[in-house]
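For reference, the structure is listed below as structure tokens.
Values below: all heavy atoms of this structure, side chains included; hydrogens, waters and symmetry mates excluded. Bear in mind that the values here come from a model prediction, so they are computed numbers and not experimental data. Numbers for residues simply follow the sequence, beginning at 1.
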Amino acid sequence: MNKRTSLSLAGIAAAALFAGQAFATVCPNAPATGTPTQSGPICIAPVGQDGAGTGLQDQLNGITVSGPGIDVYNDQYQPSSWWSIGATGNSENKIVLEIAGNASVNTFGIFDPTNASNHLQLFGGGASAGWSTQLANLGGGNYMVTNYNAAGVYQGQTSATFGVTNLFGYYLDTPDGTFYSVPGMNPNSNATYPGGVPHMVAYAGDGSTKLNIHGVAGKFLPNEFLLAWEDTLWANSDLDYNDFVVIVESVDPIPEPAALGMFGFGVLLLGVIVGLRRRDAHNVV
């Protein structure tokens, strides 16, 4: 690879990380249903193919006990591509809801910024609403996951080593492929999200809203986030972002410039290569 090509790819890769979060989006109709979507930078349909009452706003209203609540259109938290575990060294995670035909096979976890194929699964396809995990940061890029079912019964442990200390992204693996919290690593939709479709939208706790998640009520704290996912490629998507919703706590979102400093520029090239390969493989138009 010559120097000019290297610099060109580096520029594209940098754009891939920022794309989807750096500009105002003109919201389209959902490709699968024709339903108008609302807001932006991430456009969400009030209802999808699952029918009335299943929209993300309806579902979050249903678990809100008191306080300001969560506005799925105007309370979107960004940046939300890269994350780290807070000072406790542990992050608790719980599945809030899954409304998806792929619920029994979708898997969710974290991925290594230096090697996007290096995954640590937090929830397998057999996990369902109410299941939880504890993600432990052991230092030096080493992580361990402990799994529990909805009744709190221990299910097992897994571990992985990443190429950077305490920095990761989230992923959702589906029959349509693997989608990432980094929009630039996902296939694009041309006009709407030319830098890559955001398949995840994040909401931060405000310390006032009280949620009841599977019988456990408590304030939605500032170090807690709801991550809501769309599990289908753009062409077939209803853009309801209710396919997999998980609450994660004791994590911190890391702005892209800080993330670049933490794991180096090489991963940017990896990001664009992964994105281009995925787009070619899916032949997204």
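In this view, Val96 and Ile63, Ile213, Leu226, Val245, Ile247 satisfy the side chain to side chain contact (heavy atoms under 4.5 Å, CB included) rule, not counting sequence neighbours. In terms of the side chain to side chain contact (heavy atoms under 4.5 Å, CB included) criterion, residue partners of Asn118 (sequence neighbours excluded) are, by chain and number, Asp112, Asn115, Phe162. Taking the side chain to side chain contact (heavy atoms under 4.5 Å, CB included) definition, one finds that Gln57 meets it with Asn61, Asp71, Val72, Tyr73, sequence neighbours left out.
Residue pairs meeting the disulfide bond (SG atoms under 2.5 Å apart) criterion with at least one partner in residues 88-178, sequence neighbours excluded, do not occur; the list is empty. Identified under the ring-ring contact (aromatic ring centres under 6.0 Å, His included) test for residues 111-130, with sequence neighbours left out: Trp82-Phe111, Phe111-Tyr180, His119-Tyr171. Judged as a disulfide bond (SG atoms under 2.5 Å apart), the pairs with a partner in residues 32-150 (not counting sequence neighbours) are, in order, Cys27-Cys43.
Taking 4.5 Å as the limit, some side-chain heavy atom of Asp50 sits within range of a side-chain heavy atom of Asn242. Here the side chains of Gln78 and Pro41 are in contact, with some heavy-atom distance below 4.5 Å. Using a 4.5 Å heavy-atom cutoff, the side chains of Met144 and Thr158 are not in contact. The closest side-chain heavy-atom distance from Met200 to Leu172 is not below 4.5 Å. In this structure, the side chains of Asp206 and Pro68 come closer than 4.5 Å at one or more pairs of heavy atoms. Counting heavy atoms from C-beta on, the side chains of Leu227 and Phe244 never come closer than 4.5 Å.
Across every non-hydrogen atom of Leu167 and Ile254, the tightest pair is CD1-CG1, 3.9 Å. Across every non-hydrogen atom of Pro198 and Tyr241, the tightest pair is O-OH, 2.5 Å. Heavy-atom minimum distance, Ser81 versus Ser181: O-OG, 2.7 Å. Pairing each heavy atom of Ile42 with each of Tyr193, the nearest pair is CA-OH, 3.6 Å.
Note: Ile85 CD1 to Asp252 CG = 10.0 Å, rounded to the nearest 0.5 Å. Interatomic distance, Ser250 OG to Asn90 CG, rounded to the nearest 0.5 Å: 8.0 Å. To the nearest 0.5 Å, atom CZ of residue Phe168 and atom CG of residue Leu135 are 5.5 Å apart. Taking CG of Asp243 as the reference point, atom CG of Leu56 lies at 10.0 Å (rounded to 0.5 Å). Separating the NE2 atom in His214 from the NZ atom in Lys94 is a distance of 7.0 Å, to the nearest 0.5 Å. One distance of note links NZ of Lys210 with CG of Leu221; it measures 12.0 Å at 0.5 Å rounding.
Using modelled atom types and a 3.5 Å distance limit, the side chains of Thr161 and Asn142 yield a donor-acceptor pair. Between the side chains of Thr146 and Gln134, no donor-acceptor pair of N or O atoms lies under 3.5 Å. Side chains of Thr178 and Asp173: a donor on one and an acceptor on the other come within 3.5 Å. Between Thr174 and Asn106, the side chains place no donor N or O within less than 3.5 Å of an acceptor N or O (distance only, hydrogens not considered).
Between Trp229 and Phe108, the ring planes lie perpendicular to each other; the angle is over 60°, past the 30° to 60° tilted range.
Here the side chain of Thr107 pairs no donor or acceptor atom with the backbone of Gly125 at under 3.5 angstrom. A donor-acceptor pair under 3.5 Å links the side-chain atoms of Asn186 to the main chain of Val197, judged by distance alone. Side-chain N or O atoms of Gln59 include none that pairs as donor or acceptor with a backbone N or O of Leu97 at under 3.5 Å. Looking at Ser91, its side chain does come within 3.5 Å of a backbone N or O of Glu249 through a donor-acceptor pair. No donor-acceptor pair under 3.5 Å is formed between the side chain of Asn102 and the backbone N or O of Val105. Looking at Asp176, its side chain does come within 3.5 Å of a backbone N or O of Leu233 through a donor-acceptor pair. A donor-acceptor contact shorter than 3.5 Å links the side chain of Gln155 to the backbone of Val153.
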Decide yes or no on side chain to side chain donor-acceptor pair (under 3.5 Å) for Thr33 and Asp238, but give the supporting numbers first. CA-CA 6 Å; Thr33 61; Asp238 57 7; over 6 Å; no
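Aromatic pair Tyr77/Phe225: ring centres closer than 6.0 Å.
A side chain to side chain contact (heavy atoms under 4.5 Å, CB included) with Thr37 is found for exactly one of Ile44, Leu239, Asn29, Thr192, namely Leu239.
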